[in-house]
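Reading through the structure tokens given below for one structure.
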There are 2 protein chains.
Amino acid sequence: MSEKRRVTLKDIAIALNVSPSTVSRALNGYHSISDETVRQVKEYAEKHHYVPNTLAVNFRKSRTSLIGLVVPHIVHHFFSTTISGVIETAKKQGYHVLVTQSGDVKDGEIFACRTLLGMGVDGLVISVSNETFVAEHLQDFLDEEKPIVQFDKITDHIHSPKVVVDDFDGAYQAVKNLIDNGYSKIAHLSGRLEVKNAQGRFQGYKKALKDHGLEFREEWVKGCWDIIESEGFDFTKELMESSNPPDAIFCITDLVALGALKYLKSADYEVPGKVGLMGFSNWMLSEYISPSLSSVDQHGFEMGERATEILINLIKEHSLGEDDLIEMKTELIVRQSSQKRL
Amino acid sequence: MSEKRRVTLKDIAIALNVSPSTVSRALNGYHSISDETVRQVKEYAEKHHYVPNTLAVNFRKSRTSLIGLVVPHIVHHFFSTTISGVIETAKKQGYHVLVTQSGDVKDGEIFACRTLLGMGVDGLVISVSNETFVAEHLQDFLDEEKPIVQFDKITDHIHSPKVVVDDFDGAYQAVKNLIDNGYSKIAHLSGRLEVKNAQGRFQGYKKALKDHGLEFREEWVKGCWDIIESEGFDFTKELMESSNPPDAIFCITDLVALGALKYLKSADYEVPGKVGLMGFSNWMLSEYISPSLSSVDQHGFEMGERATEILINLIKEHSLGEDDLIEMKTELIVRQSSQKRL
DNA sequence: CTGTTAGCGCGTTCAT
DNA sequence: ATGAACGCGCTAACAG
């Protein structure tokens, strides 16, 4: 391997018999350089494939054009969609994204944040874990003047802009759809109510019941801990075998609804008709299962996009931003599982 | 905001009245430093939250601990799984991952590679696009002594280790399963045969037919261009309405199988029984649809893991590696759609 | 319009 | 066992 040392500013300067700073200025489009010099420099640079040494530039400017992204899980339809939104938006503005996953646990998140900070990211986009009730690892960013934007799963333990979906309204519309289709005994498989999203959806559920004069029963609300399929299955079994079974179930997320559906089918309940079912999040598979699952779309790409736009603006204006809460509207996707009660 | 300048080596040196190099050596565990000095330095560093400036370190060592990752799509169950594998493996070794997507088009891939190279990644893990028939943008990495490892979708236009799934064997086993279940007129919805994966699966399909004395008919093979659901639907319609319809279909990927299934159901073919169906890739949803879809799992996480291990080893030994081809075994996941022919 | 100088924070000789 | 000095490539402040 011959010495492939890349040409540097200095090389060009020597070759053209000018100073390195002139070359730098010519290349970076300063106005105080003669057209002729600029032409010469650019031509030489082009010809010799000059590529600025990013490491040196970053070092000098002490910024990296890197933004950190932390999500609970990468293999997850909604989050992978937001990741895509973040990356594409960053790309447009000349930023790059370091993607990490917390595994939805506190320690994973702390580790991710530490290494991201260590890598010198210019800012952070994060959807916090279910266990994030302290926020020192986030405060560390702010202490270094690096902005944070939270999205989807957020915590109030840190001051930062937040981009969320209007969970309350989304849940309200979802439950209303069930009601409109004739269901009146509506159960809810919720998440941990300390988590904002879960709380919002729970409140939307309650409000919809109330507005339509339907009764709210504690025993129709089951809290999922891990938000997985088996919880949907087990809780649904429990509900349907109780002395006062519901005729519809609104689930915190599609995966849970899938578990619910599995039980309902195994126990020969007609869905829809006998039991109505509604998910949340609009996973890809919801369109393909049978019956197809009605759900609430969260526009993940747009959320990632919005959060990233805000972050990059903050980075550019050297600001940490306000405690703003941006609520994005959801979209009710009506499919088969919530169709008319028979 | 008070000046939060981080403490540097020099700060510590001055405070302790030693030289910066001593501090550097003490912190990095050189042997030629007295225990006492080491103790003092470490204590001071600890107390004042000394964090090495990664930018400076990277600049000095001219390496970033960054590896670039290019996949066709992020929102894709298989690829998001491989991304996860890459990231987790990199993390274990102290590397970070810049994730990009090519959109499965040449220009997107070239752009991604250029910016990754510009960011100074130490190496590249890539699954090339369907349009990658030239490889200058990859050669650029090798020219800078930065290793590349390809995975899943690979090209021979560049010398590098490659991690793939044994498509031939996977397809063979898949088709054999259909045959074992009594199907004998087996069609294949393939991909573009110039693409390695598609070719491998096609060959495995042919070999399985041949080994079991079944006829191979050109008109039973349909080439999907975009590998999307609608192609599965349309080609299946075409096949089933032809004068000599097949009794089973082996699809290049689950999404195509889903389209096929949609048509078969809409036209009231029993699946399985009347028509057998087999996918490839084992998407998450395949487990949940009805009938559940038999498929071939590609162990995406492990592929990402393996590719990354190889890459990091190459980086560490300053090598570009050989043209090795690592073939990972697939796993046949038998579900309902390929069950016995009636 | 251009050159000179200086230094970002660190690792690494070469001395001692 | 330690310090002095240098330089990585680039940008910015200060002169002219």
Side-chain angles (χ1 to χ4, degrees), chain A residues 3-42 44-45 48-66 94 117-120 122 144-145 318, chain B residues 3-42 44-45 48-66 94 117-120 122 144-145 318:
Chain A
E3 275 305 306
K4 291 254 184 187
R5 204 178 63 76
R6 299 206 271 195
V7 289
T8 69
L9 278 189
K10 204 197 272 182
D11 296 332
I12 303 181
I14 293 172
L16 265 43
N17 199 30
V18 293
S19 81
S21 22
T22 302
V23 179
S24 170
R25 289 188 277 238
L27 256 18
N28 293 313
Y30 278 57
H31 43 278
S32 64
I33 298 287
S34 75
D35 293 350
E36 174 57 13
T37 311
V38 171
R39 201 192 53 71
Q40 277 188 31
V41 169
K42 289 205 166 164
Y44 188 96
H48 294 262
H49 304 104
Y50 169 74
V51 187
N53 180 327
T54 321
L55 274 65
V57 177
N58 287 345
F59 171 51
R60 193 71 232 301
K61 298 197 172 164
S62 64
R63 60 126 177 90
T64 53
S65 305
L66 242 36
L117 198 55
M119 284 301 290
D122 294 341
E144 294 200 13
E145 314 282 308
H318 303 285
Chain B
E3 275 306 303
K4 292 253 182 184
R5 207 178 58 77
R6 299 207 272 197
V7 287
T8 68
L9 278 189
K10 203 198 271 182
D11 296 332
I12 303 182
I14 293 171
L16 264 43
N17 199 30
V18 292
S19 81
S21 23
T22 302
V23 180
S24 170
R25 289 188 275 240
L27 257 17
N28 294 315
Y30 278 55
H31 45 278
S32 64
I33 298 288
S34 75
D35 293 350
E36 176 57 13
T37 311
V38 171
R39 200 192 53 71
Q40 277 189 28
V41 169
K42 289 206 167 165
Y44 187 95
H48 294 263
H49 304 104
Y50 169 74
V51 186
N53 181 327
T54 322
L55 275 63
V57 177
N58 287 346
F59 173 49
R60 194 70 234 297
K61 297 196 171 166
S62 64
R63 60 129 177 88
T64 52
S65 304
L66 242 36
L117 198 55
M119 284 301 290
D122 293 341
E144 293 200 14
E145 314 281 309
H318 302 286

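A note on names: the letters A, B, ... follow the listed sequences, proteins ahead of strands, and every chain is numbered from 1.
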**Asked** Taking atom P of D:dA1 as reference, at what distance in whole Å does atom CZ of B:R39 sit?
**Response** 17 Å
**Message:** At 4.0 Å (heavy atoms only), tell me whether A:S62 reaches a base, stays on the sugar-phosphate, or touches nothing.
**Reply:** nothing
**Message:** With a 4.0 Å cutoff (strictly under), does any side-chain N or O of A:T37 reach OP1 or OP2 of C:dT2?
**Reply:** yes
**Fill in**
Closest non-hydrogen contact found for B:V7 with B:Y50 is O-CD1, 3.3 Å
**Asked** Donor-acceptor pair, A:N58 side chain versus A:L55 backbone, under 3.5 Å?
**Response** no
**Complete:** Of A:D35 and A:F59, the one whose nearest nucleotide on DNA chain C sits closer to the 5' end is A:D35
**Message:** Distance check, rounded to the nearest 0.5 Å: B:T8 atom OG1 versus B:H48 atom NE2?
**Reply:** 12.5 Å
**Request:** Rounded off to whole Å, could you give me the CD1-to-C1' distance for the A:I12 and D:dG9 pair?
**Result:** 12 Å
**Complete:** In whole angstroms, the gap separating P of C:dG9 from CG of A:L55 amounts to 16 Å
**Request:** Please give the angle, rounded to 10 degrees, between the axes at the start and the end of the helix from C:dC1-D:dG16 to C:dT16-D:dA1, where five pairs define each axis.
**Result:** 40°
**Request:** Have a look at A:P52 and say if it touches a base, only the backbone sugar-phosphate, or nothing, with a 4.0 Å heavy-atom cut-off.
**Result:** sugar-phosphate
**Item:** Rounded distance (Å) that lies between atom P of C:dC8 and atom CZ of A:R63
**Value:** 19 Å
**Request:** Check whether any side-chain nitrogen or oxygen of A:N53 sits under 4.0 Å from OP1 or OP2 of D:dC8, and answer yes or no.
**Result:** no
**Prompt:** So which nucleotide from D:dT2, D:dG3, D:dC10 ends up closest to the side chain of A:L9?
**Reply:** D:dC10
**Request:** Flag the pair A:T22 / A:T37 as yes when at least one side-chain heavy-atom distance between them is below 4.5 Å, and no otherwise.
**Result:** yes
**Message:** Please evaluate residues B:V38 and B:Y30 with respect to the criterion side-chain contact (heavy atoms from CB on, under 4.5 Å), reporting the C-alpha separation (whole Å), side-chain torsions for both, the decisive distance (0.1 Å), and the verdict.
**Reply:** CA-CA 9 Å; B:V38 171; B:Y30 278 55; over 6 Å; no
**Message:** Side chain of A:Y50, heavy atoms from C-beta onward: which of D:dC10, D:dG9, D:dC8 has the nearest atom to it?
**Reply:** D:dC10
**Fill in**
Looking only at heavy atoms, the pair that brings A:V57 and A:R63 closest together is CG1-NH2, 4.2 Å
**Request:** Could you check how far CG of B:L27 sits from P of C:dG11, rounded to whole Å?
**Result:** 9 Å
**Asked** If you look at every heavy atom in A:A13 and A:S19, which pair is closest and at what distance?
**Response** CB-C, 3.7 Å
**Prompt:** Below 4.0 angstrom from OP1 or OP2 of C:dG11, is there any side-chain N or O of B:Y30?
**Reply:** no
**Prompt:** Can you check whether B:S24 has a side-chain N or O nearer than 4.0 Å to OP1 or OP2 of C:dT12?
**Reply:** no
**Prompt:** To the side chain of A:S19, which of C:dG3, C:dG11, D:dT11 is closest?
**Reply:** C:dG3
**Prompt:** Looking at D:dG9, C:dT2, D:dT11, which one has an atom nearest to any side-chain atom of A:K61?
**Reply:** D:dT11
**Request:** Write down the distance between NZ (B:K10) and P (C:dA6), rounded to a whole number of angstrom.
**Result:** 14 Å
**Item:** Nucleotide nearest B:V18 (side chain, heavy atoms from C-beta), chosen from D:dG3, C:dT2, C:dC10
**Value:** D:dG3
**Prompt:** Could you state the CZ-P distance from B:R60 to D:dA5, rounded to the nearest angstrom?
**Reply:** 17 Å
**Minimum heavy-atom distance A:T64-B:M119, with the two atoms named** = O-CE, 3.6 Å
**Prompt:** Once you round it to whole Å, what is the distance between P of C:dC10 and CG of B:D11?
**Reply:** 9 Å
**Message:** Within this structure, what is the CD1-CG distance for the pair A:I33 and A:L27, rounded to the nearest 0.5 Å?
**Reply:** 10.5 Å
Which atoms of nucleotides 13-16 of chain C (N or O only) lie under 3.5 Å from a protein N or O atom, and what are those distances?
| from | atom 1 | to | atom 2 | distance (Å) |
| --- | --- | --- | --- | --- |
| C:dT13 | O4 | B:R25 | NH1 | 3.4 |

**Prompt:** How many angstroms lie between atom CG of A:N53 and atom CZ of B:F59, to the nearest 0.5 angstrom?
**Reply:** 6.5 Å
